[in-house]
Amino acid sequence: MLRRHRPDDTGPFDDRSVAQTHLQEGLARLNTLQEKLYAQGQWTLLLVFQGMDAAGKDSAIRHVMSGVSPQGTDVHAFKQPSAEELGHDYLWRAAKVLPARGRIGIFNRSYYEDVLVVRIHPNLLAGQNLPSSLITRRIWEERFDDINAFERHLWRNGTVIRKFYLHISNGEQRRRLLERLDDPKKNWKFSTTDLIERAEWRTYRDVYGKVLAATSHHHAPWYVVPADHKWFAQALVADVIVDALERLRLAFPTADATRRRDLAKARRELLRR
Ligand code: AMP
Ligand code: MG
């Protein structure tokens with residue numbers, strides 16, 4: 001499925017500068033939309049970022065963040081689960097950090113790791129403390145069902161979900177990982193597990209294909225974002241977010257008669273002193 005998507009696609013943009021201008025415009029619109037989202041305090045926006053190491057998740061999130069107020073936004077990075085987290089079902093740690101109404105929640109990786117890295121490395125599933133009778137060949141289908149039900153539940157309660165799979169090529173990942181090794185300022189980003197995961201490139205591509213096909217719905221769609229050019233990936237992500245918020249037809253709450261009277265009274269008081 002993913003084989004049909006080109007990681008080096010740049011859509012309508014011929015070059016970086018056009019995409020960057022477009023991105024800046026998108027971020028400006030995002031700013032106003034977020035203000036309304038927050039003021040209204042009803043809808044919630046949940047953004048999920050997945051992708052191979054060095055796919056550009058961190059930098060895409062940094063760009064989104066530059067267009068929103070930190071006061072209304074929560075970012076969470078999902079790493080190897082802690083002992084406490086492994087003492088619960090895999091959705092628990094995500095449920096704990098879901099954004100409240102009016103807020104934007106950004107997941108840097110997510111519960112999708114539990115049908116990706118955990119599927120690819122059987123020792124990780126073994127480490128999840130599940131009763132052995134529940135570990136059957138159907139477990140991945142069951143997890144897809146549960147993730148779909150979880151997201152549908154969120155949607156029915158006012159959470160708009162947008163999921164981004166940042167799609168890079170094998171060659172571009174090698175280039176970025178080499179940069180992390182060669183540039184002392186980027187050394188910290190390199191993890192030796194990056195090479196272990198890279199060795200499973202094809203398996204990841206196949207499993208990602210299954211995950212995206214099984215869990216993309218109109219209320220929680222996946223976007224395959226061509227990510228070999230970060231400037232394109234970032235512009236596309238911003239577009240999707242702006243579009244998702246514009247569909248909500250957000251508006252600042254309007255004052256009713258009582259509230260207008262209170263405001264007028266406050267105004268008179270302010271003018272008096
Ligand atoms: P990074 O995002 O590069 O900082 O790395 C975080 C690492 O944690 C990645 O290798 C993920 O695959 C791994 N990880 C995230 N969630 C889980 C999980 N539920 N089980 C095992 N590994 C995970
Ligand atoms: Mg990494």
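As the structure lists them, so they are numbered: ligands from 1, and atoms in each ligand from 1. Just so it is clear, the structure is predicted and the values come from calculations on it, not from any experiment.
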What do you reckon, are the aromatic ring centroids of Phe78 and Phe107 less than 6.0 Å apart?
-> yes

Between Asp9 and Arg4, does at least one N-O distance fall below 4.0 Å, as a salt bridge requires?
-> no

For ligand 1, which atoms sit closer than 4.0 Å to a heavy atom of Leu124?
-> 21 (C)

May I ask which of Val118, Leu86, Asn108, Val117 has a heavy atom nearer to atom 22 (N) of ligand 1 than the others do?
-> Val117

Determine the sole option in Phe144, Tyr112, Trp155, Tyr111 for which the ring pair (Phe, Tyr, Trp, His ring centres under 6.0 Å) test with Phe150 is passed.
-> Tyr111

Do Arg143's NZ or CZ and the ring of Tyr90 fall within the cation-pi criteria of under 6.0 Å and 45°?
-> yes

Report the nearest protein non-hydrogen atom to atom 20 (N) of ligand 1: residue, atom name, distance rounded to 0.1 Å.
-> Pro81 CD, 3.3 Å

Identify the protein heavy atom lying closest to atom 12 (O) of ligand 1, giving its residue, its atom name and the separation to 0.1 Å.
-> Glu113 OE1, 2.8 Å

Derivation of the side chain to side chain donor-acceptor pair (under 3.5 Å) call for His167 and Asp228 = CA-CA 7 Å; His167 187 38; Asp228 273 6; over 6 Å; no

Checking heavy atoms under 4.0 Å, the part of Asp53 that sits near ligand 1 is side chain

Using only heavy-atom distances, determine whether the side chains of Asn148 and Thr215 contain a donor-acceptor pair under 3.5 Å.
-> no

Check Asp53 and report its N/O/S atom nearest to the Mg ion (ligand 2), by atom name.
-> OD1

Check each of Arg109, Glu85, Arg93 against atom 17 (C) of ligand 1 and report the one with the nearest heavy atom.
-> Arg93

Is any N or O atom of Lys79, backbone or side chain, closer than 3.5 Å to an N or O atom of ligand 1?
-> yes

Residue pair Tyr204 / Glu197, side-chain donor-acceptor N/O under 3.5 Å | yes

Going by the order shown, which atoms of ligand 1 are within less than 4.0 Å of some heavy atom of Asp114?
-> 19 (N)

Out of Gln80, Met52, His121, Lys57, whose heavy atom sits nearest atom 7 (C) of ligand 1?
-> Gln80

